[in-house]
There are 2 protein chains.
Amino acid sequence: MKVVLAGDADATGWGRWRAELAAAMPEAEWFTRDELAAARVPAAEVVAAVVASPPPGSLVGLPNLRLIQSLWAGVDRLLADPTLPEGVPLARMVDPAMSAAMAETALWAVLALHRGFFAYQRRQREGRWQLHAQRRADEVRVLVLGQGAMGHAVMQRLAPLGYRVQGWRRDGTALAAALAANEIVVNLLPLTPATRGLLDARAFAALPPGAAVVNLARGAHVVDADLLAALDAGHLRHAVLDVFHQEPLPAAHPFWHHPQVTVLPHAAASTDPRSASAVVAANLRALRDGRPLAHLVDRGRAY
Amino acid sequence: MKVVLAGDADATGWGRWRAELAAAMPEAEWFTRDELAAARVPAAEVVAAVVASPPPGSLVGLPNLRLIQSLWAGVDRLLADPTLPEGVPLARMVDPAMSAAMAETALWAVLALHRGFFAYQRRQREGRWQLHAQRRADEVRVLVLGQGAMGHAVMQRLAPLGYRVQGWRRDGTALAAALAANEIVVNLLPLTPATRGLLDARAFAALPPGAAVVNLARGAHVVDADLLAALDAGHLRHAVLDVFHQEPLPAAHPFWHHPQVTVLPHAAASTDPRSASAVVAANLRALRDGRPLAHLVDRGRAY
């Protein structure tokens with residue numbers, strides 16, 4: 001089975017991934033487009049592509065492609081490529097190890113917001129010793145936007161600690177009502193035309209005073225100016241942001257030095273080549289054996 | 001039943017505590033020493049004391065005292081009072097809500113250390129977007145010093161997330177061997193003559209390079225100069241410190257502005273009057289009814 005590798009999986013290119021993919025599926029052959037050309041392998045022999053933020057056009061000219069497997073959980077940028085071959089099944093990365101990593105980040109953020117650890121860290125920089133009131137976890141209501149594998153993993157980690165956890169998905173209950181009933185919002189929605197800009201002035205106004213926002217999904221879910229206004233007006237207490245409209249976050253962006261914003265460099269949950277390669281291999285073997293493919297994207301709903 | 005309140009339970013004196021104690025045990029009468037004198041209640045009628053960091057001498061002249069119930073989990077300062085009535089049973093505060101609060105703080109610190117969130121927060125202040133490698137929880141070994149209610153609560157929260165958790169108690173395995181096998185140490189030991197200064201240069205040297213220390217017990221467990229030397233030598237990566245030799249931490253102390261030290265103002269787990277008052281009432285009723293008292297301190301081992 002010949003598989004094309006497209007995009008840049010990490011800073012080392014495909015170096016580490018290639019070793020893990022080969023170990024997970026020794027019977028497959030892996031080529032970048034350049035390697036395919038250099039080895040004079042006919043493009044028609046390629047049946048699958050493993051992609052990591054491929055530049056637009058990366059998959060053009062592969063007439064027998066039967067699976068596009070993303071290494072990332074989000075496929076919004078992939079779907080924005082007008083040359084993406086139509087009618088070819090497209091699979092997202094769904095890896096329990098990645099969901100666990102996301103849940104760790106969400107848990108850290110919720111614990112820090114609930115117990116006021118960001119405030120204590122600010123006070124440390126000011127050399128201020130000042131205790132604030134301590135609340136129990138069962139007094140804190142957390143709303144998790146998005147009910148995919150990651151949203152569920154987050155809820156499963158928060159609930160045993162006593163947090164009152166509510167899940168929300170589009171087409172479920174009204175967003176404003178869900179926001180009004182919770183003081184911490186963790187966003188894990190897919191980015192689609194229906195969710196872009198969902199966290200805007202209206203959404204923030206629906207949250208109770210002193211609420212906090214944790215965005216671990218996509219920068220474009222948030223209207224930055226509205227978030228800054230809600231923080232500066234004192235309505236929101238804090239924001240933990242892992243994702244941004246432009247990444248890396250531009251040096252001049254006010255998020256960088258806002259005292260109530262915690263900026264992470266898209267670090268909430270990286271795909272781990274060790275476990276993700278097994279997920280890729282399982283889907284490629286399903287393709288080879290004619291079994292159902294896993295984690296397929298519905299292009300109509302865009303996730 | 002007449003009960004003396006000694007010390008300062010919180011910034012409001014006994015204000016909030018008095019309401020919770022009265023609700024938990026309406027049949028008891030609560031007096032500070034001043035109130036006792038003002039009401040001309042004979043000191044001989046007082047059978048129990050509820051204490052919160054009482055100044056030395058606070059319990060002198062109460063001839064029929066049969067229980068000293070601390071509101072705090074640690075009784076090291078209480079035992080250091082040479083006037084503390086001998087032979088009177090002394091009970092620590094053991095409250096599941098307090099153990100849960102401690103576990104939240106430990107979990108937050110371990111998550112932050114494991115995933116490098118303190119490093120990301122430092123980079124944010126420098127305006128630096130830089131991702132570091134992500135490890136799975138099952139690649140991180142955590143040592144919990146102290147195997148009381150709080151140590152167990154911490155271990156019970158860490159293990160389900162996948163961390164490799166080891167507990168240690170004095171008189172168990174050698175400390176150096178336990179330290180050598182773990183990269184994050186969470187200290188929840190009682191402060192006794194045997195544990196004072198336990199976290200010193202030798203202990204830090206036993207930890208693997210890049211290890212981190214979380215001290216949630218007592219400042220005197222740590223030799224500050226040794227910790228700073230281990231951080232500055234690059235042997236230790238980070239320390240999260242909630243407790244200090246002197247509290248509030250003096251303004252000139254190097255911990256305040258050390259980039260690899262997170263300072264909390266003794267905030268890891270405050271006694272919650274709502275749940276702790278029920279613990280106090282249960283022990284006072286046991287005293288009244290002649291049933292066994294709970295959470296008694298062995299003055300010989302000092303906890």
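If you're wondering where the values come from, they're calculated on a predicted model, not measured in any experiment. We name chains A, B, ... by the order of the sequence lines, and we start the count at 1 in each one.
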Practice prompt. Assess the side chains of B:Asp272 and A:Gln134: does a donor N or O sit below 3.5 Å from an acceptor N or O?
Written response: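 Not at all, the side chains of B:Asp272 and A:Gln134 share no donor-acceptor pair under 3.5 Å.
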Discussion item. Under a plain distance cut-off of 3.5 Å, with no hydrogens placed, do B:Arg115 and A:Thr105 share a side-chain donor-acceptor pair?
Written reply: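 A:Thr105 vs B:Arg115: donor-acceptor pair found between side chains.
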Considering only heavy atoms, which portion of [X] lies under 4.5 Å from any heavy atom of chain B: side chain, backbone, both, or neither?
X: A:Ala112; value: both
X: A:Ala268; value: backbone
X: A:Ala100; value: neither
X: A:Gln121; value: side chain
X: A:Ala137; value: both

Top contributor to chain A interface from [options] [non-hydrogen pairs under 4.5 Å]:
options: B:His253, B:His132, B:Gln130; result: B:Gln130
options: B:Arg157, B:Arg125, B:Arg128, B:Arg135; result: B:Arg125
options: B:Ala109, B:Ser275, B:Ala269; result: B:Ala269

Worksheet item: How are the rings of B:Phe118 and B:Trp108 set to each other: parallel, tilted or perpendicular (split at 30° and 60°)?
Response: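 The rings of B:Phe118 and B:Trp108 stand perpendicular, inter-plane angle above 60°.
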Item to complete: Begin with the C-alpha distance, continue with both residues' side-chain angles, and end with the deciding distance and a verdict on side chain to side chain donor-acceptor pair (under 3.5 Å) for A:Trp17 and A:Ser277.
Response: CA-CA 8 Å; A:Trp17 278 95; A:Ser277 291; over 6 Å; no
Worksheet item: Aromatic ring centroids of B:His266 and B:Phe244 under 6.0 Å?
Response: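 No.
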Worksheet item: To the nearest 0.5 Å, what is the distance between CD1 (B:Ile184) and CG (B:Leu113)?
Response: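 Reported to 0.5 Å precision, the distance equals 5.0 Å.
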Worksheet item: For chain B, which of A:Val261, A:Leu131, A:Asp138 has the most heavy-atom pairs under 4.5 Å?
Response: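 Answer, by heavy-atom pair count under 4.5 Å with chain B: A:Leu131.
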Practice prompt. Before accepting this row, confirm whether a basic side-chain N of the pair B:Glu247/B:Arg218 lies closer than 4.0 Å to the acidic partner's carboxylate O.
Written response: no
